[in-house]
Amino acid sequence: MKEGITPHEVVDRYHALISSSFEQMGISFDIYSRTSNAVHHETSQAFFKKLYDDGAFETKESEQYFDEEKQVFLADRYIVGTCPVCSNDKAYGDQCEKCGSTLSPDQLINPHSALSQSKPIKKSTKHWYFPLNKYEDFLKQWILEGKKDSWKANVYGQCKSWLDAGLQPRAMTRDSNWGVPVPLTDAAGKVLYVWFDAPIGYISATKELTNQWSDYWQQEDTKLVHFIGKDNIVFHCIIFPAMLKAHGSYILPENVPANEFLNIEGEKVSTSRNWAVWVHEYAEDFPEMQDALRYVLCANAPETKDNDFTWKDFQDRVNNELAAILGNYVNRAFVLMHKLCAGRVPSFHQEAKDALDSQLEQDINAAKQKVEHSIEEYRFRDALFEVIDLARKGNKYMQDKEPWIVAKTLTGHPENQKLIDNCLHHCLQLTANLAILMQPFLPFTAAKLCKMMKVVPRMLDWENAGRIDLLKPNYPLPAPEILFRKIEDVEVATQVQKLKDRSLLNNTATPKTAKAAPTVAAAKDTIAFDDFAKVDLRIGHITAAEKVEKADKLLKLQIDMGTEIRTIVSGIALHFKPEDIIGKQVVVVANLAPRKMRGIESNGMILMAENAEGNLVFVAPEAMTPAGSEVR
RNA sequence: GGCGAGGUAGCUCAGUUGGUGAGAGCGCAGGAUUCAUAACCCUGAGGUCUCGGGUUCAAAUCCCGAUCUCGCUACCA
């Protein structure tokens, strides 16, 4: 949290920003709410109370150390005291780093708070645990057996992974002052665990929307579907359903079609590194082109695996699919109609109907079925493809019929006007169908088409799809407008450059870390010089490095300390290859108590700088400095 | 390390319960055309379906092993 801004103000700001971004892109919600509302507090508290009254929770009460000065409960590692085993007076509540003993805070002699140095009092704290393990059988049956065929492989597999590993009771309360208070008399200073109350927020929002909220949540024929990213699967598929089951009067999710991740230009999206395309900036750079972005994001959605958004691909898809296939189709249909049919919707002459006409009618109907089916199966990529494919069929139909060629025969054969009429009649009806089918994906373009076809928005009702009598014959239509303009090469280059420039800027200008840890002091307390002087910092040279087996993050380093070679285990394996760091200078905390990691004793610790992304940089002297040199 | 999801033409992806010579879109090459946003339409080239074993009359599809990518998880003070 930045200086002087309350969590509530942060929520306000982002709620507004995100809300307006959705609006700009034509994404609307029946209710777009937040969990800081009163109705949500009531709802989630009532939910909790119901489970509580039913005895669904297990409480675990424990005497925990409490810092009276800071008014917070202290996590084990924020308690320091004397180790009962080796008498080290800097032992932590969970472990003594000198002798490596695993400790509990109670074992410490003369414990004190690491936050304020004050002597913590023992205070009893109680937390309510939801015994997920008791719902394992239910979840296994419900998901592993019941959802095997309907849920996506990535979702099903992730759930199976959790269930096979075995579920544990999970604390549903926290000691904090931000959040929804636990609705019990003996729970002062406690709030609901965020993943307990957040999904209940869906229920709260429904209540906010309508008095009929229970129709959405308590009727057997309601389908509850969660559209989420893969990082939220466990909460929506395991924890929330178990909660709903425990409560007893709610329906369970029908499906949770979680998507994978979307990268940008080959890199993970990161707001802190500013590797992102911001909606409000897109809106500025590409005015009136919301549908272009909507199209590309949907056509390239990570439905089955992680995908990559690139501006080049954006350009290709907009230019080749939206502009050349869809936009151009509509345009040529309108232009031809103006040239060959006097600017009016031509009649269809049954007597001149041929096989191509019948085929097109079938195609229109089939397209509706396919789009519908795909949407119901949550296959939006496929659905969108079918929309474009229908335009493709329209282009082919027009090409096969060649009304502009037929027009040249009119002087000798005036009856051929019927062929032209039939062709354009169908082409226009197909355009109307395109408007309906594209509406869920490209609402701005659908609206534009309505205007061009001079029909009311109601024509876009889904039931109208497949019909070939949507436009009335003899109805005069205006000149067409261009639906999609092309994206120029320079625009692609500009966007890519923008992305890179900004991200670079962010990397050099240390971003604010946004660690949400309210019970932990942001800055450490002042220490006396004597305390600092106890730390023996030295320059070391890495002489050897190898990966530690069975540990992804650990490297076993040999460090030349001048007088000795030390073994230090460090959690940097994800950032550096062993062979690349040999010879590097590092700053070593030389008098840190030894600690065993993965069975290897580590004698000291090397200093690294870490940015908000968790990227590591060596802290080292600017110039070559002999091993063993002191750092002060 | 354990677990999950992926690895199919240059790119993005389809490939139902194993079975007619492996598909689509884009890109590329060639052709045709001009109503249209140098758009559309036609034709074509391109893949030892990540690799190695196995089961089978038959495997992209099933089994075992390896490898790469992403995620969850453990180990990082």
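Numbered from 1 within each chain, the chains take letters A, B, ... in sequence-line order. Remember, it's a predicted structure, so these values are computed and weren't measured experimentally.
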What contact category does [X] fall into here, base, sugar-phosphate, or nothing, at under 4.0 angstrom with non-hydrogen atoms?
X: G157(A); result: sugar-phosphate
X: D306(A); result: sugar-phosphate
X: R381(A); result: sugar-phosphate
X: A165(A); result: nothing
X: L483(A); result: base
X: Y156(A); result: nothing
X: N395(A); result: sugar-phosphate
X: K268(A); result: sugar-phosphate

Without decimals, in angstroms, what is the distance between [X] [atom1] and [N] [atom2]?
X: K553(A); N: rC72(B); atom1: NZ; atom2: P; result: 10 Å
X: I405(A); N: rA36(B); atom1: CD1; atom2: P; result: 12 Å
X: L322(A); N: rA36(B); atom1: CG; atom2: P; result: 22 Å
X: N328(A); N: rA36(B); atom1: CG; atom2: C1'; result: 5 Å
X: L336(A); N: rC40(B); atom1: CG; atom2: C1'; result: 11 Å
X: I482(A); N: rA39(B); atom1: CD1; atom2: P; result: 13 Å
X: L554(A); N: rC75(B); atom1: CG; atom2: C1'; result: 5 Å
X: E260(A); N: rU12(B); atom1: CD; atom2: P; result: 16 Å

*Please state whether the rings of F314(A) and F309(A) are parallel, tilted or perpendicular, taking 30° and 60° as the class boundaries.*
tilted

[N] to [M] separation - [atom1] atoms, rounded to the nearest Å:
N: rU8(B); M: rC51(B); atom1: P; result: 10 Å
N: rA29(B); M: rU16(B); atom1: C1'; result: 35 Å
N: rA45(B); M: rA36(B); atom1: P; result: 33 Å
N: rG4(B); M: rA22(B); atom1: C1'; result: 28 Å
N: rG25(B); M: rG21(B); atom1: C1'; result: 23 Å
N: rU61(B); M: rU17(B); atom1: P; result: 13 Å
N: rC62(B); M: rA5(B); atom1: P; result: 12 Å
N: rA66(B); M: rG1(B); atom1: P; result: 10 Å

Mind checking who [N] pairs with, Watson-Crick or G-U wobble, both distances under 3.5 Å?
N: rU33(B); answer: none
N: rU56(B); answer: none
N: rG21(B); answer: none
N: rC26(B); answer: rG10(B)
N: rG1(B); answer: rU73(B)

*Any luck finding a side-chain donor-acceptor pair between Q359(A) and D363(A) under 3.5 Å?*
yes

Closest to the [X] side chain: [options]?
X: K230(A); options: rG27(B), rG71(B), rC40(B); answer: rG71(B)
X: Q158(A); options: rA5(B), rC72(B), rU12(B); answer: rC72(B)
X: W162(A); options: rC72(B), rC41(B), rU34(B); answer: rC72(B)
X: Q399(A); options: rU12(B), rC35(B), rG4(B); answer: rC35(B)
X: E321(A); options: rC72(B), rU34(B), rG25(B); answer: rG25(B)
X: S161(A); options: rC75(B), rC3(B), rC26(B); answer: rC3(B)
X: N320(A); options: rA39(B), rG6(B), rG27(B); answer: rG27(B)
X: K305(A); options: rG25(B), rU8(B), rA36(B); answer: rU8(B)
X: V335(A); options: rA77(B), rG15(B), rA36(B); answer: rA36(B)
X: F261(A); options: rC42(B), rU33(B), rG71(B); answer: rG71(B)

*Just wondering, do H338(A) and P480(A) contact through their side chains at under 4.5 Å, heavy atoms?*
yes

_If you assign D400(A) and V155(A) each to the RNA chain B nucleotide with the nearest heavy atom, which residue ends up on the more 5' nucleotide?_
V155(A)

If the cut-off is 4.0 Å, is [X] near the phosphate of [N], judged by side-chain N/O to OP1 or OP2?
X: T304(A); N: rA14(B); answer: yes
X: R379(A); N: rU16(B); answer: no
X: K396(A); N: rC42(B); answer: yes
X: K486(A); N: rA39(B); answer: yes

*If you count the non-hydrogen atoms of other residues, nucleotides and ligands that lie under 6.0 Å from NZ in K140(A), is the total more than 12?*
yes

_Over 12 foreign heavy atoms within 6.0 Å of NZ, K160(A)_ = no

_Run D291(A) and K448(A) through side chain to side chain contact (heavy atoms under 4.5 Å, CB included) and show every step you take._
CA-CA 11 Å; D291(A) 281 351; K448(A) 223 187 248 184; over 6 Å; no

*Among W151(A), Y156(A), Y135(A), which one satisfies ring pair (Phe, Tyr, Trp, His ring centres under 6.0 Å) with W142(A)?*
W151(A)

*asked:* Could you report the tightest heavy-atom contact between G540(A) and I559(A), atom names first, then the distance?
replied: CA-CG2, 3.7 Å

*Between F286(A) and W311(A), does the ring centre distance come in under 6.0 Å?*
yes

*For rG46(B), is chi within 90° of 0 (syn) or not (anti)?*
syn

